[in-house]
Amino acid sequence: MASKEEKALSFIPIILILLLVSSASAATAGQEAEAEALLNWKANLDNSTSLSLLPSWVGNSICNWEGIACNNFGSITQINLTASGLRGTLHALSFSSFPSLMSLNLSHNAIFGTIPLEIGFLKRLQILDLAGNNINGSIPHEVGMLGNLTILSLQQNNLSGNLPAEICMLNSLSVINVAFNSLMGSIPEAIGNLSSLTVLALQLNNFSGAIPSTIGNLSSLKEMYLMGNQLIGNIPPEIGKLKFLTHLGLVDNKLNGSLPSGLNNFTFLKQLFLSNNNFSGSIPHDICISGVLELFTAHNNQLTGPMPRSLRNCTSLVRLRLERNQLTANIAQEFGIYPKLIYVDLSYNRFYGELSENWERCQNLQSLRLGNNRIFGEIPWFEGSIQLHVLDLSSNNLTGTIPKELGKLTSLFNLNLGDNKLSGSVPSEIGLLTNLQHLNLAANDFSGLIPEKLDGCRELLNLNLSRNKFSESIPLQMASINALQVLDLSQNSLMSEIPPQLGNLMKLETLNLSHNKLSGSIPSTFDNMLSLTVVDMSYNHLEGPLPNNKAFHKALALAFANNTGLCGNATGLNVCPSETIGEKKSSKSVIFTVLLILGILLFVFVVTGILCVVCYPRKVQNEDQFAIWSYDGRLEYEDIIEATEGFNSKYCVGVGGRQCKCL
Ligand SMILES: *[C@@H]1O[C@H](CO)[C@@H](O)[C@H](O)[C@H]1NC(C)=O
Ligand SMILES: *[C@@H]1O[C@H](CO)[C@@H](O)[C@H](O)[C@H]1NC(C)=O
Ligand SMILES: *[C@@H]1O[C@H](CO)[C@@H](O)[C@H](O)[C@H]1NC(C)=O
Ligand SMILES: *[C@@H]1O[C@H](CO)[C@@H](O)[C@H](O)[C@H]1NC(C)=O
Ligand SMILES: *[C@@H]1O[C@H](CO)[C@@H](O)[C@H](O)[C@H]1NC(C)=O
Ligand SMILES: *[C@@H]1O[C@H](CO)[C@@H](O)[C@H](O)[C@H]1NC(C)=O
Ligand SMILES: *[C@@H]1O[C@H](CO)[C@@H](O)[C@H](O)[C@H]1NC(C)=O
Ligand SMILES: *[C@@H]1O[C@H](CO)[C@@H](O)[C@H](O)[C@H]1NC(C)=O
Ligand SMILES: *[C@@H]1O[C@H](CO)[C@@H](O)[C@H](O)[C@H]1NC(C)=O
Ligand SMILES: *[C@@H]1O[C@H](CO)[C@@H](O)[C@H](O)[C@H]1NC(C)=O
Ligand SMILES: *[C@@H]1O[C@H](CO)[C@@H](O)[C@H](O)[C@H]1NC(C)=O
Ligand SMILES: *[C@@H]1O[C@H](CO)[C@@H](O)[C@H](O)[C@H]1NC(C)=O
């Protein structure tokens, strides 16, 4: 212990010498000025939101104040007050009082107003971080006086005006981040002077003009983000000189021309974003030359030609989006196996050939979208891709049946096989897809029954089976897919009556049963479908009154056209004869009496064991039809169900296609 104290004592002369050298009196004067400057700023900050704003900022020992660091002479070198709830301007902060300040980090506060020109006094400043405030006005030219600045971080403010060219004289600058402001004008040519720059983040502003060719001189650049501006013209070929580039983002601009061969030069390229521009020509072959490319998006351009060769071996790939171009390639040959691939979208191109089994071996694949191409052949089992959430093979030329093995892809959330040439019956294994929310099998040649097991898809929101050859009746199991919002069974050969149970689909908004051979009346259980807004019942053999549901009352005449005898209160339909009779008789007491009699009769029949539920084909009953509905069309049926605790469902289940009547 004693030896430690001795060591400590031996430092005293050194400290004394230091104090002498730095001239103690001057240092204290400096510290006082710094303390005063900070306290003055504190007093000008809005203290109404926090009870104790910067509570440690009292007295004279500034070096112990929150967010403050000093050098050996007690002069402030750092002011770090990130996310401290500061609300106020920078104008009450006397920058000239901080000759030693190296880091000013006030990010993520509520600072507003402009950046004072006096910022230029901070000659030793290395880090200026004002990100995530409400600062407006332009970036002062005086920032160009901060000769030691390495990090300029002004993103997420409300800055306007140009990027001052003076910034381009700051030789030490490593990071420029001014993203997410309202800056405009062109990117200064002189930017190329910044040979130490590693990050240039100008995204989400209003920069216009061309990308200057001088960017080729940014020999240390690793990341360049220019997305979300108004940039025009080509990518300058000089970009190929940026041999350390790892991230390049040019999305959402108005860039055009072909992609320069310089894009082949990036040995370290991990992320390349070119989407939503007007690029044409083909994709350079070597963009994944060293096999480190992870994210590549170039969707919504005019790209043509084949897939880049290097992509076939690009096992680092995680995300690939090339949809909405005019790429042409045999899809069976151009893609390899990507163990890390999660998301791939190649839709709306001109890919042809068969679906390679390679896709099945991408074990992390969650989303495979290949719609609107010219892919033919059969659907593979996707054995290894058990993580698939989205499988979209729509609008291709696929043939054969749906492999029942798809039922193993239990993570599937969206299965779209619409608009192909698939045929056969739909395997009931589809019902094993318990997470499925969107199932589209429309516009194929599917035939046979709609599988009853579809009710296993409990989460289904959207079911489209239209434009196929499904026959026989609509399975009443469908009524248990409670989440269903859109049901389209149109343009099939479905027969028999609409199962009344469908009225249980309380979330259904759109129901299209048009162009089938459905008969009987539209079940009055549809009265209760409160979410229903769009219906189409046209081109069937339906008859009788419409349900009392606003979707039916408001529908256009087209929704009911070409049926046998629908009637009711809707455009283009005749008023039901029953309604006229109803008006004469319809007093509540009459209804009540009749119901009472019916109830008594039913009770008597049940007691005597001769429950008389007669089921007969609806067709036969044509003339009689309105008589049954006579004393109020709809109320009668509903009330009987209620009065007899749902006698309908208890006694008449399974007689699909027939109308039950209690005598
Ligand atoms: C806020 O500051 C004003 C003036 O600087 C002062 O009078 C007031 O007491 C302060 N309020 C709180 C809550 O500190
Ligand atoms: C201030 O921030 C810099 C850079 O972020 C950091 O190195 C330093 O430790 C911080 N100082 C204080 C006092 O918070
Ligand atoms: C500013 O401080 C925050 C919080 O400590 C830190 O995350 C950020 O990197 C700092 N800014 C710079 C440029 O160092
Ligand atoms: C900055 O915003 C303030 C309101 O916070 C406004 O009064 C001022 O005019 C703005 N200045 C500029 C240059 O936009
Ligand atoms: C940068 O800092 C050094 C001391 O670290 C100083 O001598 C030099 O003048 C500064 N550069 C500028 C341009 O202010
Ligand atoms: C940014 O400034 C503009 C005017 O220059 C103003 O309309 C807008 O509300 C400001 N945005 C924010 C987030 O302060
Ligand atoms: C900075 O860039 C401009 C334009 O590119 C050039 O004319 C000038 O010589 C450069 N200055 C330095 C110091 O490199
Ligand atoms: C690509 O790199 C090679 C060799 O490093 C170099 O000769 C060529 O100029 C570069 N291409 C471009 C467009 O800069
Ligand atoms: C892909 O890798 C294989 C084997 O590693 C190699 O033979 C082939 O040349 C590579 N293809 C391309 C286009 O790089
Ligand atoms: C689909 O295949 C048929 C022949 O099987 C062919 O005639 C047709 O052009 C193909 N359609 C497309 C879009 O490739
Ligand atoms: C029913 O369809 C036939 C042919 O499909 C058509 O000629 C007729 O006009 C349609 N009738 C009505 C009422 O729409
Ligand atoms: C017919 O429907 C309209 C609108 O849905 C309604 O205003 C009107 O009262 C109804 N008429 C009859 C006779 O129910």
Side-chain angles (χ1 to χ4, degrees), residues 38 41 44-46 48-50 53-54 56-57 63-71 76-93 95 98 100-120 122-143 146-164 167 170-185 194 196-207 220-225 247:
L38 287 181
W41 185 49
N44 276 277
L45 291 172
D46 180 355
S48 61
T49 47
S50 63
L53 181 72
L54 302 172
S56 67
W57 284 27
C63 300
N64 297 325
W65 289 4
E66 179 193 345
I68 303 296
C70 301
N71 60 15
I76 295 178
T77 53
Q78 296 176 355
I79 302 177
N80 279 7
L81 292 166
T82 299
S84 304
L86 308 181
R87 182 180 302 273
T89 72
L90 293 173
H91 287 273
L93 187 59
F95 288 112
F98 305 103
S100 312
L101 196 62
M102 300 200 303
S103 171
L104 179 60
N105 188 343
L106 302 176
S107 58
H108 302 287
N109 284 292
I111 293 167
F112 56 91
T114 57
I115 301 175
L117 313 186
E118 290 74 21
I119 196 97
L122 302 175
K123 291 277 189 262
R124 289 170 193 259
L125 203 63
Q126 294 172 4
I127 296 176
L128 177 58
D129 190 347
L130 303 176
N133 283 289
N134 296 319
I135 298 170
N136 66 359
S138 51
I139 303 173
H141 298 284
E142 283 73 8
V143 170
L146 307 177
N148 282 329
L149 203 64
T150 58
I151 299 180
L152 178 62
S153 211
L154 302 176
Q155 71 271 24
Q156 292 171 273
N157 279 289
N158 206 358
L159 294 165
S160 52
N162 296 342
L163 189 66
I167 286 179
L170 303 175
N171 294 323
S172 308
L173 259 189
S174 168
V175 175
I176 296 180
N177 190 346
V178 294
F180 216 155
N181 280 289
S182 303
L183 296 168
M184 53 187 192
L194 297 172
S196 304
L197 203 64
T198 58
V199 178
L200 179 60
L202 307 182
Q203 72 268 32
L204 299 164
N205 280 289
N206 284 318
F207 288 115
S220 307
L221 202 64
K222 290 181 180 163
E223 304 176 27
M224 176 154 72
Y225 305 105
H247 297 68

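Each ligand, and each atom within it, is numbered from 1 in the order the structure gives. Residue indices begin at 1 and follow the sequence shown. Heavy-atom basis, side chains included; hydrogens, waters and symmetry copies ignored.
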Which distance, rounded to the nearest 0.5 Å, do you find between the CZ of Phe180 and the CG of Leu204?
6.0 Å
Within 4.0 Å of some non-hydrogen atom of Asn136, the atoms of ligand 4 are 1 (C), 2 (O), 3 (C), 8 (C), 10 (C), 11 (N), 12 (C), 14 (O)
Test side-chain contact (heavy atoms from CB on, under 4.5 Å) applied to Asn206 - qualifying residues, sequence neighbours left out
Met184, Gln230
In sequence, state the C-alpha distance, the side-chain angles, and the governing distance for Ser196 and Ser172, and then conclude on side chain to side chain donor-acceptor pair (under 3.5 Å).
CA-CA 6 Å; Ser196 304; Ser172 308; over 6 Å; no
Kindly confirm or rule out an N or O of Thr82 lying under 3.5 angstrom from an N or O of ligand 3.
yes
Considering only heavy atoms, which of Asn105, Asp129, Leu130 lies nearest to atom 13 (C) of ligand 3?
Asp129
Tell me whether ligand 3 is touched by Ile151 - counting only heavy atoms on the residue side and a distance under 4.0 Å.
yes
Those residues at least two apart in sequence (or on a different chain) that pass side chain to side chain donor-acceptor pair (under 3.5 Å) with Thr114 are His91
